[in-house]
> 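Please find one structure pasted underneath; my questions will follow.
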Protein chains: 2
Amino acid sequence: MPQRGEDEDMAGAGGGGQTTVMRFRDGILNLVAERGLKAGDKIPTEAELKAHLGGSRPTIREALKLLEQAGILSVEHGRGRFLTAAGTLHVARSITHFESITEMAGHFGYSYENRVLGFSEETPDKAVRAALKLAPGETIIRLERLRLHERKPLIYCLAMIRRSLISDPIYEVDWSGSLNAVLERYGHAPRMSTAEARAEMLPESAISRHGLADFGPAFLIDETVFTRSGEPIMFASDWYKGSHFAFNFARK
Amino acid sequence: MPQRGEDEDMAGAGGGGQTTVMRFRDGILNLVAERGLKAGDKIPTEAELKAHLGGSRPTIREALKLLEQAGILSVEHGRGRFLTAAGTLHVARSITHFESITEMAGHFGYSYENRVLGFSEETPDKAVRAALKLAPGETIIRLERLRLHERKPLIYCLAMIRRSLISDPIYEVDWSGSLNAVLERYGHAPRMSTAEARAEMLPESAISRHGLADFGPAFLIDETVFTRSGEPIMFASDWYKGSHFAFNFARK
DNA sequence: GGCCATCAACTTGTCAGACAACATGGCCGC
DNA sequence: GCGGCCATGTTGTCTGACAAGTTGATGGCC
């Protein structure tokens with residue numbers, strides 16, 4: 001018998017993955033779900049999985065290794081594999097999932113007006129230069145915006161974007177839409193970030209200049225945003241109105 | 001040649017893991033570090049890794065699968081494996097790592113006084129009952145505490161603990177130490193949680209009753225805490241003084 | 001000389017069978 | 001009845017092989 005190969009239809013078959021290993025990973029999860037196994041339960045042995053899913057033991061084992069690394073399974077040599085409880089921690093929209101503010105809007109059920117408060121080309125301060133690994137002399141675009149829902153301000157946004165990424169004059173760019181879309185158009189799609197969160201009041205300057213005295217305590221997220229290839233794009237600070245936003249995550 | 005087995009000293013050798021696969025996983029990371037490979041770079045082929053690390057191809061491949069699942073490597077059939085940028089996102093103390101407040105204290109460089117403001121046995125409200133999956137009639141222990149550093153209040157803590165977990169009268173328990181240690185002593189060590197974070201001012205009742213008017217905006221973390229086996233233990237709300245705490249995480 | 005098809009080499013994906021090491025429970029002897 | 005021994009089950013590792021995608025070189029054709 002040839003070793004797989006005979007194009008195996010299964011193309012377009014619901015979910016699955018490209019490689020056999022990925023299909024087995026999903027197959028194992030399905031099997032667990034079908035049998036109603038819970039945290040701590042023993043899952044079928046490699047031999048049983050092989051009988052159910054086909055394939056060879058190394059392939060099955062690679063699929064199992066994926067699930068182990070994902071924290072869904074734990075192994076005990078000579079005893080078997082067991083469902084961990086960590087795998088059952090379900091978090092709705094984890095803060096660790098990268099998404100633009102515009103994408104997040106839908107999740108919270110808000111539709112935003114996006115008001116541009118100002119934009120300018122500036123010299124970065126030390127912190128921003130370090131975060132974005134800017135060369136001496138490189139400048140940034142400082143973009144100040146406000147997101148409103150039904151005329152009430154909900155998010156105050158400050159972005160420091162590497163000037164060199166935008167090949168056009170900054171006044172020709174439409175800053176009132178999704179910033180991610182703008183950056184993607186210039187070939188620098190944001191894909192991930194390192195972030196720091198804290199609770200504070202809005203900066204004095206923002207309160208006084210834009211009439212935000214009623215904003216109340218804010219959930220501030222400072223992010224250094226990168227492309228898929230790890231190139232730093234911008235440093236963003238977003239103050240979310242505390243009374244309107246909450247963020248989920250799992251800890252383990 | 002026997003297939004491994006000859007006890008291979010290597011015990012206590014720096015890091016490493018128990019199994020060969022774990023050692024190879026670390027070995028690959030070390031190799032990458034030594035050679036100064038960066039995001040997007042091609043890592044050595046399976047054959048080269050085998051030559052460097054020893055072992056067999058299936059074992060090497062299982063180690064690689066771990067790194068792929070961890071998001072550190074990506075594969076392209078026929079081309080090779082490449083370092084992803086996501087793997088280079090380093091976060092100091094991620095908020096997604098479960099730890100007790102006492103443990104966190106050290107990280108922030110604070111040493112705390114732990115003041116018990118009150119404890120009592122109560123009937124849970126609907127939200128807590130749902131989060132802890134309490135049976136009708138089950139009660140909770142409500143524990144209210146304050147962490148101070150140099151006499152200044154930094155964290156206001158409210159915990160709702162399943163009464164049935166503590167087999168002693170609640171007034172015989174020392175609540176002034178680590179809550180995790182107490183629960184561990186009764187065989188219910190906290191290990192993970194689902195959490196929600198937001199920014200808000202302290203509850204009115206806490207401000208007025210405990211003189212916390214100067215606390216300012218707080219970073220509130222609501223957590224449902226579980227044991228390793230997934231059993232819900234308690235529902236904790238911790239208000240961190242916004243001016244003193246920031247929390248890190250990666251988004252991808 | 002330039003272009004394209006073919007092919008060899010490299011690399012990852014999968015398969016088969018085997019032995020090693022750890023865990024468990026039953027069997028047997030005492 | 002009890003404890004040690006051993007068969008069995010399960011995961012860990014090794015060897016060798018073929019399948020399939022990618023890349024670059026080769027060589028023929030125009």
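Owing to the predicted nature of the structure, the values given are computational and were not obtained by experimental measurement. Just so it is clear: chains get the letters A, B, ... in the order the sequence lines come, proteins before strands, and each one is counted from 1.
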> Please state how far atom CD1 in B/Ile60 lies from atom C1' in D/dT15, giving the value in whole angstrom units.
14 Å

> Below 3.5 Å, does any donor atom in the side chain of A/Arg57 face an acceptor in the base of D/dT13, or the other way round?
yes

> Starting from the 5' end of DNA chain D, give me the residue, A/Arg79 or A/Pro58, whose nearest nucleotide shows up first.
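It is A/Arg79, whose closest nucleotide lies nearer the 5' terminus.
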
> Provide, to the nearest angstrom, the distance between the CD atom belonging to A/Glu76 and the C1' atom belonging to D/dG12.
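So the CD-C1' distance, A/Glu76 to D/dG12, works out to 15 Å.
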
> Take atom CD of B/Glu46 and atom P of C/dA9, then tell me their distance rounded to the nearest Å.
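For the pair B/Glu46 CD and C/dA9 P, the rounded distance is 20 Å.
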
> Nearest-Å distance, CZ (A/Arg61) to C1' (D/dT13)?
8 Å

> Examine the side chains of A/Asn180 and A/Ser178 and answer whether a donor and an acceptor come within less than 3.5 Å of each other.
no

> Separation of B/Glu62 atom CD from C/dT14 atom P, in whole Å?
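B/Glu62 atom CD is separated from C/dT14 atom P by 13 Å.
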
> Hey, is B/Glu68 close enough to B/Arg81 for a salt bridge, meaning N to O under 4.0 Å?
yes

> Is any side-chain N or O of A/Thr20 closer than 4.0 Å to OP1 or OP2 of C/dT14?
yes

> So which nucleotide from D/dG12, D/dT23, D/dG21 ends up closest to the side chain of B/His77?
D/dG21

> Parallel under 30°, tilted from 30 to 60°, perpendicular over 60°: which one fits the rings of A/Phe219 and A/Tyr240?
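Because their plane-to-plane angle is over 60°, the rings of A/Phe219 and A/Tyr240 count as perpendicular.
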
> Between B/Glu138 and B/Arg163, does a salt bridge (charged side-chain N to carboxylate O under 4.0 Å, His left out) hold up when you go through it step by step?
CA-CA 7 Å; B/Glu138 256 195 282; B/Arg163 178 65 187 91; over 6 Å; no

> Answer yes or no: is there an ion pair linking A/Lys50 with A/Glu48, defined by an N-O contact shorter than 4.0 Å?
no

> May I ask you to verify if any side-chain N or O of A/Thr59 is less than 4.0 angstrom from the OP1 or OP2 atom of C/dC15?
yes

> Looking at A/Arg81, does any N or O in its side chain come under 4.0 Å of the phosphate oxygens OP1/OP2 on D/dT10?
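No, outside the criterion.
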
> Restricting both atoms to N or O, compile the protein contacts to nucleotides 24-26 of chain D shorter than 3.5 Å, with distance only.
none

> Pick the nucleotide of DNA chain C nearest each of B/Gly78 and A/Lys50; which residue has the one closer to the 5' end?
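Looking at DNA chain C, the more 5' nearest nucleotide goes with B/Gly78.
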
> Which nucleotide wins on minimum distance to the side chain of A/Val75, given the candidates D/dT11, C/dT12, C/dA16?
D/dT11

> Using distance alone, with no hydrogens and no angle criterion, decide if A/Asp222 and A/Ser237 have a side-chain donor and acceptor under 3.5 Å apart.
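Judged by distance alone, the side chains do pair up.
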
